[in-house]
Amino acid sequence: MRDRSHGEIAEGVATRGTVAVVGLGQIGLPLAVQYAQHDWQVIGCDINPRVVEMLQAGRSPNEQEPGIQDEVARLVREGRLRATSSTPEGVSQASVVVVIVPVIVDAQKQVDLGTITKAARAVGQGLRPGTLVMFETTLPVGTTSGQLRRALEETSGLTAGVDFHLAYSPERVSAGRISRDLTTYPKVVGGMNPASHEAAVAFYSSVLDAPILSMKSTEDAEFVKLIETTYRDVNIALANQYARFADAHGLDVLDAIHAANTQPYSHIHEPGVGVGGHCIPVYPYFLIRGDTGDVSGAPALSIPPLARQVNDGMAEYAVQRIEAEIGPVAGKVVLILGVAYRGDVHEIAFSSARLLQAALQAHGAIVYVDDPLYSREELTALGYTPMPLETVEGAAAVQAIIAQAAHSAYRSFDLSPFTACRVVLDGRRVLAQEEVESRGIRYLRIGDGQASVAPASTPALAN
Ligand SMILES: NC(=O)c1ccc[n+]([C@@H]2O[C@H](COP(=O)([O-])OP(=O)(O)OC[C@H]3O[C@@H](n4cnc5c(N)ncnc54)[C@H](O)[C@@H]3O)[C@@H](O)[C@H]2O)c1
């Protein structure tokens, strides 16, 4: 007889009760709120004592998600949401466990499963028979049923699929609009056996209004997130190569893409000065390094690595476009607008600003940055040089500008102090072209067909 004290279990499926969310970060905390709003008791587990203390005090460590501060305060006050720094303790009281801690790539682009394996071992220490364990972190194919299952089984002494349910569901939401995405994106779910799958579907049906998309296995579900993000990286790489082709042939790539996309089978993305963020430039490596999970001997993928190379190569291309206008940048001051990986977020994960700074410095430029979402101290701590406040050394010394992040504030960016600036490369189409040109500054976009960069410098196609 199954222990019903930790949740209402109908035919092996938990539909209400207590859920433990392991990892209360950008994604985990909004998920915890979502579950608590749907009548689950939620225990958030996090190794960061500050996060736990804040949540226990009814305050949200996440300020980005709309409305989350008020909801955390209300749910904690009503006793529906609480936090602990002991994952085994939280898990031991739950009928469902959702794990959403990061998996990253290291400097050599090797996938690092250390954090999630530690989290899985802690879950195993508190795991009780009948519990559903869900992983939502993006994972290499085979990780849930391989390394993570073993970590759970070794520490709990229980067997997945027999004593507890094990399933995988990739989290496909974007930070900053999680609550909206949760209502619209179908929830992709794969279980390690039919009972696990059924339990996962029952749980998600109780907390989400979005449709549920059942996959045949945890591996199939893991594969989905990897191919959707890699698709975007490859698509952007193609757009970037089209842009370089357009530049070399006096064509406007945006006009062409817009026209091409009026055909229903064409979905070409936009070119730019690089691809940043937690997902798109990272998850292709989960596929490329397929042997990190338990699917070894998988055939090598040739397109995703090339796409990574093309997209990372856009920083060097940006410098070439600037140099084609003003000559070598060595000794010249270049300003990067925006260090965040995308517009209006205070996030720098794998930002193209890093590659732009490195490329400019490799050419001998003096590089300043500006970002209205970061303090000068933050920019310095991140290894950037904020633009000097003194106009003579700062704005008036800048000879070229590259717009890297499409912050709303840049739509009305004041160029009046940039008296020596000769060229602006608008890498995200965020600046007002007319305003730039009205100051006698050359306005460039990636793929505007205005390049004097020789076609020979476009990237070689893969052999
Ligand atoms: N951030 C995004 O935009 C996004 C979007 C979709 C999916 N995801 C997925 O979510 C995962 C997590 O991303 P995030 O942005 O929420 O990360 P985050 O860095 O904001 O938060 C991770 C949290 O996990 C905690 N943590 C780390 N190790 C732990 C452990 N062993 N036990 C308990 N807590 C632990 C950290 O203290 C932190 O609070 C990503 O790896 C990705 O797979 C992220």
Side-chain angles (χ1 to χ4, degrees), residues 20-34 43-56 60-65 68 72 83-91 94 97-106 111-127 133-141 143-144 148 151-152 155 168-182 185 187-188 221-222 224-226 228-230 232 276-287 293 340-342 344-351:
V21 176
V22 181
L24 292 171
Q26 292 285 336
I27 307 297
L29 182 58
L31 290 182
V33 167
Q34 172 84 7
I43 307 175
C45 311
D46 203 292
I47 51 169
N48 183 339
R50 184 183 146 268
V51 168
V52 173
E53 275 162 31
M54 281 188 79
L55 201 78
Q56 284 295 78
S60 167
N62 178 326
E63 294 174 359
Q64 191 163 279
E65 291 307 314
I68 196 161
V72 165
T84 174
S85 53
S86 168
T87 296
E89 187 249 320
V91 168
V97 180
V98 174
V99 182
I100 181 88
V101 302
V103 170
I104 52 165
V105 289
D106 64 18
V111 186
D112 180 355
L113 294 172
T115 297
I116 197 154
T117 305
K118 264 191 208 145
R121 295 188 74 83
V123 170
Q125 286 161 21
L127 196 59
V133 182
M134 298 283 319
F135 289 95
E136 288 213 355
T137 301
T138 306
L139 296 172
V141 171
T143 310
T144 303
L148 298 179
L152 290 168
T155 45
Y168 177 76
S169 175
E171 197 41 82
R172 305 165 76 201
V173 297
S174 291
R177 49 170 206 237
I178 293 175
S179 151
R180 190 196 72 184
D181 290 350
L182 284 174
Y185 293 175
K187 193 71 179 136
V188 171
E222 288 163 341
V224 172
K225 172 84 184 213
L226 299 185
E228 77 188 28
T229 44
T230 303
R232 291 171 68 193
H278 307 272
C279 299
I280 303 178
V282 176
Y283 298 143
Y285 292 112
F286 288 27
L287 275 179
Y341 77 75
R342 76 169 146 92
D344 295 332
V345 297
H346 185 265
E347 293 268 358
I348 46 106
F350 297 91
S351 171

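Order of listing sets the numbers, starting from 1, for every ligand and every atom in it.
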Novice: Just to confirm my output: which protein heavy-atom neighbour is closest to atom 43 (O) of ligand 1, and how far is it?
Specialist: Thr138 N, 2.8 Å
Novice: Heavy-atom pairs closer than 4.0 Å: do any link ligand 1 to the side chain of Gln26, the backbone, both, or neither?
Specialist: both
Novice: Side chains of Thr155 and Gln125: do they bring a donor and an acceptor to under 3.5 Å?
Specialist: no
Novice: Which residue holds the protein heavy atom closest to atom 21 (O) of ligand 1, what is that atom called, and what is the gap in Å?
Specialist: Gly25 CA, 3.1 Å
Novice: Looking at Ile104, Thr137, Val103, Val101, which hits side chain to side chain contact (heavy atoms under 4.5 Å, CB included) with Thr115?
Specialist: Val101
Novice: Would you mind telling me if ligand 1 is within reach of the side chain of Ile104, the backbone, both or neither, using heavy atoms under 4.0 Å?
Specialist: neither
Novice: Would you mind running through ligand 1 and noting each atom that sits below 4.0 Å from a heavy atom of Val173?
Specialist: 5 (C), 6 (C)
Novice: What do the steps show when you test Leu55 against Leu29 for side chain to side chain contact (heavy atoms under 4.5 Å, CB included), and what is the final call?
Specialist: CA-CA 9 Å; Leu55 201 78; Leu29 182 58; 3.5 Å; yes
Novice: Report, in ascending order of atom number, the atoms of ligand 1 lying under 4.0 Å from any heavy atom of Val103.
Specialist: 41 (O)
Novice: Starting from atom 16 (O) of ligand 1, find the nearest protein heavy-atom neighbour and note its residue, name and distance.
Specialist: Ile27 N, 3.0 Å
Novice: In the protein, what heavy atom is nearest to atom 22 (C) of ligand 1, and what distance, to one decimal place, separates them?
Specialist: Pro102 CD, 3.5 Å
Novice: Considering Ser85, Ala175, Ala119, which one's heavy-atom position lies nearest to atom 31 (N) of ligand 1?
Specialist: Ala119
Novice: Considering heavy atoms of the protein only, find what lies nearest to atom 30 (C) of ligand 1 and give residue, atom and distance to 0.1 Å.
Specialist: Ile47 CG2, 3.7 Å
Novice: Any donor-acceptor pair under 3.5 Å linking the side chain of Asp46 with the backbone of Val51?
Specialist: no
Novice: Of all the atoms in ligand 1, which lie at a distance below 4.0 Å from a heavy atom belonging to Asn48?
Specialist: 37 (O)
Novice: Can a donor-acceptor pair be found between the side chains of Arg232 and Thr229 at a distance below 3.5 Å?
Specialist: no
Novice: Is Lys225 near ligand 1, meaning one of its heavy atoms is under 4.0 Å from it?
Specialist: yes
Novice: Distance to 0.1 Å, residue and atom name: give those for the protein heavy atom nearest to atom 10 (O) of ligand 1.
Specialist: Ile100 CD1, 3.2 Å
Novice: Provide, to 0.1 Å, the distance between atom 25 (C) of ligand 1 and the closest protein heavy atom, together with that atom's residue and name.
Specialist: Asp46 OD2, 3.2 Å
Novice: Does any non-hydrogen side-chain atom of Leu139 lie less than 4.5 Å from one of Phe286?
Specialist: no
Novice: Can you tell me if Asn62 uses its side chain to pair, donor with acceptor, with the backbone of Glu65 under 3.5 Å?
Specialist: yes
Novice: At a 4.0 Å cut-off, with the gap strictly under it, does some heavy atom of Phe286 reach an atom of ligand 1?
Specialist: no
Novice: Identify the closest protein heavy atom to atom 40 (C) of ligand 1: which residue and atom is it, and at what distance?
Specialist: Tyr283 OH, 4.0 Å
Novice: Under the side chain to side chain contact (heavy atoms under 4.5 Å, CB included) rule, what do Tyr283 and Lys225 come out as? Steps first, then yes or no, please.
Specialist: CA-CA 8 Å; Tyr283 298 143; Lys225 172 84 184 213; 3.9 Å; yes
Novice: Examine ligand 1 and decide if any of its atoms is less than 4.0 Å from a heavy atom belonging to Cys45.
Specialist: yes
Novice: Regarding Lys187 and Glu136, does a basic nitrogen lie under 4.0 Å from an acidic carboxylate oxygen?
Specialist: yes
Novice: Are side-chain N/O atoms of Glu171 and Thr138 paired as donor and acceptor at under 3.5 Å?
Specialist: no
Novice: Assess, by modelled atom type and distance only, whether the side chains of Gln26 and His278 contain a donor and an acceptor separated by less than 3.5 Å.
Specialist: no
Novice: Which of the numbered atoms in ligand 1 are under 4.0 angstrom from any heavy atom belonging to Val22?
Specialist: 32 (N), 33 (C)
